[in-house]
Amino acid sequence: MSNRMWGGRFATGPDAIMEEINASIGFDQKLWRQDIAGSKAHSAMLAETGIITGADRDAIHAGLDEIAAEIEAGTFVFERGLEDIHMNIEAKLAEKIGAAAGRLHTARSRNDQVALDVKLWVRDTLDHLDSQFHDLMSVTVAKAAEHAGVVMPGFTHLQSAQPVTFGHHLLAHVEMWARDRARFKDARARLNECPLGAAALAGTSFPIDRAMTAQALGFDRPTANSMDSVADRDYALEALAAASIAAMHLSRLAEEIVIWTSAQFRFVKLSDKFTTGSSIMPQKRNPDAAELVRAKTGRIAGSFNALLMVMKGLPLTYQKDMQEDKEQIFDGLESLSLALAATTGMMRDLEPEAVILRRAAGSGFSTATDLADWLVRELGIPFREAHHVTGRIVAIAADRDTTLDKVTLAEMQSVHAGITEEVYSVLSVSRSVGSRVSYGGTAPKNVRSQAKRWQARLAKEKPIAERD
Ligand code: ARG
């Protein structure tokens with residue numbers, strides 16, 4: 001039996017199938033601004049070098065401006081029969097200005113045109129992501145400074161390990177975002193060479209000025225090899241690779257937010273701006289935004305992998321396979337942008353539950369290391385032995401179902417006779433975190449100076465989009 005749903009779709013025959021598999025206008029219309037900017041720079045250069053007349057250039061620019069206005073207004077009709085954004089715009093230009101439109105494509109091919117458009121789109125998006133990272137880092141640094149002294153449990157193996165400060169924990173994430181931002185910055189610097197003028201693959205016999213178009217479009221220089229220019233998608237892969245790592249970072253914080261907001265932990269409060277209620281269980285507040293940020297990682301790393309597999313094994317130069325780059329690039333980078341916006345919103349919103357965090361910080365014998373360090377420092381016991389003595393004191397506390405600071409001096413002395421009253425001074429969580437003053441340590445005073453360092457650095461490293 002034939003499948004009606006699918007049978008119907010392809011009933012019109014091979015022409016329709018070809019059009020469907022061949023067309024990219026359904027997704028590459030997103031490149032219209034870049035396409036028009038590239039065409040304007042190209043035609044300006046063609047006129048400057050005497051390849052077309054000034055009158056043709058003016059007609060081309062006026063026509064392109066009209067087209068931009070129509071697309072902006074939503075009145076432009078994209079046609080699938082015209083395949084892609086390049087041909088849709090060129091056909092419309094011909095309708096508007098006639099023969100001059102045909103001169104726009106002199107010394108250019110869709111191969112260098114599409115390479116340029118995609119590069120420009122990726123570059124614009126990297127600049128936007130850069131300002132989003134700047135926002136997220138600023139919000140988080142402010143929150144860290146505000147809660148520099150709030151103690152909480154630090155975890156290894158998701159077991160209470162040692163007390164840390166909430167501010168210190170937040171600044172750990174800021175460090176990761178700074179590396180993400182640097183990776184995108186590096187990728188942008190490598191991306192910034194202009195492929196326009198490579199033409200189909202071999203360059204052109206027209207006396208074009210590639211430095212002129214490169215400069216007009218904000219590139220550092222033209223690409224040096226015409227074949228590489230049309231075959232290269234490294235800039236997109238690098239952006240998606242950096243995005244995958246960044247998404248992985250966001251997913252770790254998202255997972256912490258999921259854990260922290262659970263009824264079992266209640267470490268932080270997140271308002272209903274970023275949570276939803278359950279339709280059936282009135283007590284629930286689900287951390288949907290955090291869960292979705294966590295999930296985007298799969299999607300973003302998926303885009304990177306998909307494009308890497310599209311590119312693998314392609315002989316030089318342009319192959320139609322490369323048309324499949326766009327949906328991965330758009331989806332991967334736009335998903336990261338949304339995840340960043342949601343994470344920034346949550347960071348602005350969330351507040352630590354200081355009382356609960358302090359109680360949790362003291363549970364799980366989290367100051368056991370402080371006790372062992374005290375034995376080493378005050379009694380001169382080798383660390384390995386101190387570890388053993390501490391273990392026995394922890395066992396006493398565990399037996400009595402209490403915390404380390406509630407173990408009596410007599411009980412401690414039954415394990416090691418040299419222990420004095422003084423030991424209690426290191427068993428509180430505040431003392432513990434306050435003592436971690438080594439560079440990079442969790443002491444509130446360290447957190448305050450690190451937050452200041454970040455504020456100064458963020459003031460200096462403004463988003464690319466805001467620089468002059
Ligand atoms: N739509 C095409 C793409 O996205 C544009 C380049 C087409 N070039 C060609 N020689 N058919 O890759």
Side-chain angles (χ1 to χ4, degrees), residues 14-43 64 67 71 76-94 101-102 104-125 191 194-206 213 217 223 225-240 303-304 306-334:
D15 291 358
I17 298 172
M18 179 54 189
E19 185 177 301
E20 172 135 10
I21 195 168
N22 200 38
S24 54
I25 189 62
F27 46 86
D28 70 11
Q29 49 182 273
K30 204 186 275 290
L31 297 173
W32 69 269
R33 285 178 208 281
Q34 290 77 16
D35 198 71
I36 288 176
S39 289
K40 281 181 144 183
H42 184 65
S43 51
L64 289 173
I67 291 170
I71 299 177
F76 190 97
V77 184
F78 292 102
E79 283 185 41
R80 200 168 73 167
L82 290 166
E83 259 187 72
D84 57 23
I85 185 65
H86 324 296
M87 312 250 270
N88 267 268
I89 290 178
E90 199 182 317
K92 177 65 83 182
L93 188 63
L104 168 62
H105 215 53
T106 314
R108 185 176 77 170
S109 149
R110 266 193 297 158
N111 297 347
D112 58 340
Q113 188 177 1
V114 74
L116 171 69
D117 291 4
V118 174
K119 241 187 195 188
L120 287 173
W121 191 92
V122 171
R123 194 179 70 185
D124 290 346
T125 305
L191 164 152
C194 186
L196 189 61
L201 77 161
T204 175
S205 56
F206 288 99
T213 41
L217 293 165
T223 49
N225 181 298
S226 62
M227 294 179 74
D228 178 52
S229 308
V230 295
D232 172 40
R233 292 294 181 273
D234 288 6
Y235 53 89
L237 286 168
E238 281 194 45
L240 288 174
S303 313
F304 169 64
L307 181 56
L308 192 63
M309 290 307 104
V310 166
M311 297 308 294
K312 175 192 172 293
L314 290 188
L316 304 188
T317 54
Y318 176 84
Q319 313 295 335
K320 191 66 174 239
D321 309 51
M322 290 159 72
Q323 177 163 291
E324 292 282 314
D325 61 353
K326 290 165 207 64
E327 286 162 292
Q328 306 305 336
I329 295 169
F330 297 157
D331 193 68
L333 297 184
E334 284 174 350

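One is the number of the first residue; the rest follow in order along the sequence. For ligands, and for the atoms within them, numbers begin at 1 and follow the listed sequence.
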Identify whether the distance between the nearest side-chain nitrogen and carboxylate oxygen of Asp84 and Arg110 falls below 4.0 Å. yes

Taking the side chain as C-beta and beyond, is there a heavy-atom pair between Glu90 and Ser39 under 4.5 Å? no

Mind checking salt bridge (Lys or Arg N to Asp or Glu O under 4.0 Å) for Lys326 and listing every partner two or more places apart, or none if nothing turns up? none

Check each N or O atom of ligand 1 against all protein N or O atoms and list the pairs under 3.5 Å, with atom names and distances to 0.1 Å, one per line.
| residue | atom | partner | partner atom | Å |
| --- | --- | --- | --- | --- |
| ligand 1 | 1 (N) | Ser24 | OG | 3.2 |
| ligand 1 | 1 (N) | Asp84 | OD2 | 2.9 |
| ligand 1 | 1 (N) | Gln323 | OE1 | 2.8 |
| ligand 1 | 4 (O) | Lys326 | NZ | 2.5 |
| ligand 1 | 8 (N) | Asn111 | OD1 | 3.0 |
| ligand 1 | 10 (N) | Asn111 | OD1 | 3.0 |
| ligand 1 | 12 (O) | Tyr318 | OH | 2.5 |

Who passes salt bridge (Lys or Arg N to Asp or Glu O under 4.0 Å) against Glu19, sequence neighbours left out? Arg80

Partner residues of Lys320 under the salt bridge (Lys or Arg N to Asp or Glu O under 4.0 Å) criterion, sequence neighbours left out: Glu83

Keeping Gln29 on the side-chain end and Ile25 on the backbone end, is there a donor-acceptor pair under 3.5 Å? yes

